[in-house]
Amino acid sequence: MIRLQLHWQILIAIGLAIAVGLGINLLSQNNPASAAPFLSTFSFVGTLFLNALKMIIVPLILSSIISGISTLGSSNDLRRLGGKTLGFYLASSLFAILMGLFLVNIIQPGIINGEPAGERLNLSSQEEVGANLDKIEGRGTGDVAAVFHRMLPPNIVQAAAEGQMLGLICFGLLFGFFMTRIASPMRETLVNFWQGVFETMMGITLFIMKFTPIGVFALVANTVASTGFKAFVPVLTFFFTVVLALAAHTFITMPLILKFLAKVNPVGQYRGMTPALLTAFSTASSSGTLPITMECMEKNVGLSNRTVSFVLPLGATINMDGTALYECVAAMFIAQAYGLDLTLATQFTIVTIALLTSIGVAGIPSASLVAIAVILSAIGLPLEGIGMLLVTDRILDMMRTAVNVFSDSCCATFIARSEGETTQIAAKS
Ligand code: ASP
């Protein structure tokens with residue numbers, strides 16, 4: 001029996017969901033009661049799928065951050081390389097997020113004709129969300145201070161139970177860092193333990209991903225059946241906002257960094273990386289693409305094995321510019337659609353969590369949906385908004401994964417140049 005690849009299954013599920021959803025929508029215009037059994041079945045299955053995603057958030061984020069940070073090692077050399085690499089990764093992800101934030105604020109895909117698009121998208125009413133918003137919306141610096149307070153929760157177990165991810169992530173960063181500083185056999189035991197937890201969580205994630213076509217079908221069909229065509233306008237505007245921001249990061253920010261910081265010819269970097277970029281695009285997995293990225297950077301761009309084997313695996317685990325950008329734009333889009341008043345403090349929260357969770361997102365297809373769930377809980381919005389992202393998620397995943405991989409490669413070139421290597425694409429001075 002021929003088994004279709006997951007992305008084809010998801011695309012077919014979306015196509016079917018749109019067709020079925022529109023059919024039910026038409027049916028319900030003549031006889032409103034007839035749609036009810038379909039809607040409740042879709043929402044039952046959709047909730048099961050979302051619950052499965054939510055269930056893995058805490059252990060997945062924690063184990064991937066702890067094991068990612070612990071791979072940095074402890075010798076001086078590693079620390080210097082690690083410091084530079086982490087600095088680059090954080091800075092490039094921040095640039096990516098700010099590009100996304102800028103464009104999503106200008107284009108405002110979640111606002112249609114001056115009104116929040118939530119109703120078109122069949123999201124819960126503002127009144128229902130209002131109770132949540134009251135919790136998070138305050139004024140001025142007090143709110144920003146609260147974000148810092150959340151970074152250091154007084155009780156880490158309570159923070160996990162309440163879905164307060166920011167505190168959990170900061171705890172994971174601290175834990176991963178200090179875990180590598182304790183004495184030998186305990187250090188190895190802990191590193192292996194967290195690596196084991198992480199790989200197990202990846203296994204569960206991949207298992208849940210197998211049900212994505214069914215989950216996607218239920219969530220998309222539910223949205224389309226209850227809203228008809230009205231749902232498409234904001235989703236398409238959102239799609240183009242993400243594409244524009246990803247393109248700006250890849251074709252403006254990154255080449256500038258390559259040219260002025262790494263002092264190499266950006267065209268050579270694109271050319272050398274083409275096989276890896278295409279693989280990233282078709283697999284939507286930066287971890288899966290890693291061997292090809294390493295091969296391209298060594299053979300085509302001419303970096304040393306030392307740089308490539310340190311910078312790229314780390315990047316595939318913790319550096320996700322495209323993902324960070326996407327998380328920010330997606331969370332802002334959903335917040336706009338709910339009519340949330342996006343104060344500076346809320347935007348600051350979104351940027352911070354997008355940056356931190358992009359470190360913890362696994363390099364596998366659709367992994368950022370989990371991170372978006374984290375951001376939505378942090379800013380007090382219900383997770384059902386994720387349903388509308390699923391319509392365009394696959395194709396945007398392919399694009400953001402290529403951006404993730406390209407950013408890793410730019411970091412490798414930058415580190416190689418800063419360590420005195422001459423690459424095949426070094427600019428003539
Ligand atoms: N698919 C992405 C990657 O592997 C992660 C994500 O944004 O979902 O890099």
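Just so it is clear, the values below take in all heavy atoms, side chains as well, and ignore hydrogens, waters and symmetry mates. Whatever order the structure lists them in is the order used to number ligands and atoms, beginning at 1. Position 1 is the first residue of the sequence; numbering continues from there.
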Self-check item: Identity and distance of the protein heavy atom lying nearest atom 9 (O) of ligand 1
Solution: Ser286 OG, 2.6 Å
Quiz item: Applying ring pair (Phe, Tyr, Trp, His ring centres under 6.0 Å), which residue pairs with at least one partner in residues 251-285 are found, sequence neighbours left out?
Solution: Phe251-Tyr270, Tyr270-Phe406
Quiz item: Should you measure from each heavy atom of Ala367, which atoms of ligand 1 turn up under 4.0 Å away?
Solution: 6 (C), 8 (O)
Quiz item: Among protein heavy atoms, which sits nearest to atom 2 (C) of ligand 1, and what does the distance come to when rounded to 0.1 Å?
Solution: Thr401 OG1, 3.3 Å
Exercise. Record the part of Ile364 in heavy-atom contact with ligand 1 below 4.0 Å; permitted values are side chain, backbone, both and neither.
Key: backbone
Practice problem: Answer yes or no: is there a side-chain heavy-atom contact under 4.5 Å between Phe42 and Val20? | Solution: yes
Quiz prompt | Shortest non-hydrogen contact between Thr413 and Ala262, atoms and distance | solution = CG2-CB, 4.3 Å
Quiz item: Taking Thr323 as the fixed residue, which of Asn404, Thr357, Asp397, Thr401 is the one that meets the side-chain hydrogen bond (donor to acceptor under 3.5 Å, both in side chains) rule?
Solution: Asn404
Quiz item: ligand 1 versus Ala280, non-hydrogen atoms closer than 4.0 Å: side chain, backbone, both, neither?
Solution: neither
Exercise. Could you walk me through whether Val45 and Phe217 pass the side chain to side chain contact (heavy atoms under 4.5 Å, CB included) test, one step at a time?
Key: CA-CA 9 Å; Val45 177; Phe217 176 84; over 6 Å; no
Practice problem: Just need the protein heavy atom nearest to atom 1 (N) of ligand 1, so name the residue and atom and give the distance. | Solution: Asp397 OD1, 2.7 Å
Practice problem: Please write down residue, atom name and distance for the protein heavy atom closest to atom 6 (C) of ligand 1. | Solution: Ser368 OG, 3.3 Å
Practice problem: Output yes when a side-chain donor or acceptor of Ser304 lies under 3.5 Å from a complementary backbone atom of Thr307, and no otherwise. | Solution: yes
